[in-house]
There are 2 protein chains.
Amino acid sequence: MGTGTAIRVAALGLFAARGYEGTTMAEIGAAVGIRGPSLYKHVASKQDLLVELMTTTMDGLLELHRRAVTGTDDPVERLRRAVDAHVRFHARHRMEAFVGASEMRSLVEPHRGTVLGKRAEYERAFRRLVEEGVAAGRFHVPSARLASYAILDLGMGLATWYREEGELSENEVVWQQTEFALRLVGAG
Amino acid sequence: MGTGTAIRVAALGLFAARGYEGTTMAEIGAAVGIRGPSLYKHVASKQDLLVELMTTTMDGLLELHRRAVTGTDDPVERLRRAVDAHVRFHARHRMEAFVGASEMRSLVEPHRGTVLGKRAEYERAFRRLVEEGVAAGRFHVPSARLASYAILDLGMGLATWYREEGELSENEVVWQQTEFALRLVGAG
DNA sequence: TCCGATGGCTAGCAGCCGTTAGCCGATGAA
DNA sequence: TTCATCGGCTAACGGCTGCTAGCCATCGGA
């Protein structure tokens, strides 16, 4: 693993624990065994670290979603796979999800707009999934928008309470959350 | 409205928008028409502003929950009322909820521990509600813990996407989210 | 063997932060 | 009218921040 990668990992952990504004370049340096100024031999700026972190997170999530919904036309199965990917991603990338949700404000334009755009795209994709199910008579919800937000929130909540060392394995959590999502749209 | 209250309101808005570390005392002052140092005639410190904000938020939420579940023994009705209070609170206090979730790290001990304790108490109360329903054969979930987290996440998500000016009224959102919660625990 | 590139280091700049000290006009009770 | 209190203000302190400049050891290829 290159030094650049180690720096990004350290930055992620610190941003999650202390926040972007609450993290100093000296701390990030210390986490990888060098001094603050030496970081600039590897990264352009502190802001750059955040930008890259947030855009790659959203890109990864979008890519996983696309792969998940490809290969079947059945609305129930499509939603099941999308939720599986969504929850699994949030279980595996809790810190990225937390930083992504709470540090949007620290992102400077135009990157803020870019990331917000990707997030809106992800939300639309989920909403469309719910709408397809409703149109096919498989889901029964008064508002597809509200239902899709609810499903997204289920997964994003993991950032707060999920722990790998916890009593529930990743697969158990993923399975139950998927079940919750299907019940929620009235397909359970 | 006293100056002290105006300061707290301004601080809440700024903490939500820019984060605790990203907000300066001069900005809080400017929001109420005075200079930064003058704030110290009304508040003890910046940290104090955050402490008070977070503890009163949790106290308010706990009190609302207690009132909601008092007066009936029916597990379904108890959960319905608790979710109603939970969602309504988060719709009305979006900024408090957002700050409460993302600025726990900026809280200094012993206040951090106190607030975490209150949050844990709130989570336990909800879990107990689910467990009661399961014990009474009215709810059907594999894990009460996971189900209660899911319900809590439903409401907390509002902090991100709910807007008063949106197309859905508070009552509509509250009603649908309550419905989602009941479906989720298999009581719909 | 040379030498450029790489990647550490320290010093330091320019600016901002929370907070304190101390000043002063307005206000209202005695 | 007097005078203490209140609540503004500016100046300033001590400390920290992101980042740049510039120095130097190491090391791999020519």
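Here is how names work: the chains are called A, B, and so on, in the same order as the sequence lines, proteins then strands, and each is numbered from 1.
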Touch class at under 4.0 angstrom, heavy-atom based, for A/T24 against every strand present: sugar-phosphate

Candidate nucleotides D/dT17, C/dA11, C/dT19, ranked by approach to the side chain of A/P37 - the nearest: C/dA11

Nearest to side-chain heavy atoms of A/S38, which nucleotide of C/dT19, D/dG8, C/dG8: C/dG8

If I take atom [atom1] in residue [X] and atom [atom2] in nucleotide [N], what distance separates them, rounded to the nearest angstrom?
{"X": "A/K41", "N": "D/dT20", "atom1": "NZ", "atom2": "C1'", "value": "11 Å"}
{"X": "A/I28", "N": "D/dT17", "atom1": "CD1", "atom2": "P", "value": "11 Å"}
{"X": "A/E21", "N": "D/dG18", "atom1": "CD", "atom2": "C1'", "value": "11 Å"}
{"X": "B/R35", "N": "D/dG8", "atom1": "CZ", "atom2": "C1'", "value": "10 Å"}
{"X": "A/M25", "N": "C/dC9", "atom1": "CE", "atom2": "P", "value": "13 Å"}
{"X": "B/E27", "N": "C/dC16", "atom1": "CD", "atom2": "P", "value": "12 Å"}
{"X": "B/I7", "N": "D/dG7", "atom1": "CD1", "atom2": "P", "value": "10 Å"}
{"X": "A/I34", "N": "C/dT10", "atom1": "CD1", "atom2": "P", "value": "12 Å"}

Where B/L53 and B/V99 come nearest, the two heavy atoms and their spacing: CD2-CG1, 4.2 Å

B/E172 to B/E167 - nearest heavy-atom pair and separation: OE1-O, 4.0 Å

A/K118/A/E121 ion pair, N-O < 4.0 Å: no

Charged N-O contact under 4.0 Å between B/R80 and B/D74: no

C/dT6 OP1/OP2 closer than 4.0 Å to side-chain N/O of A/H42: no

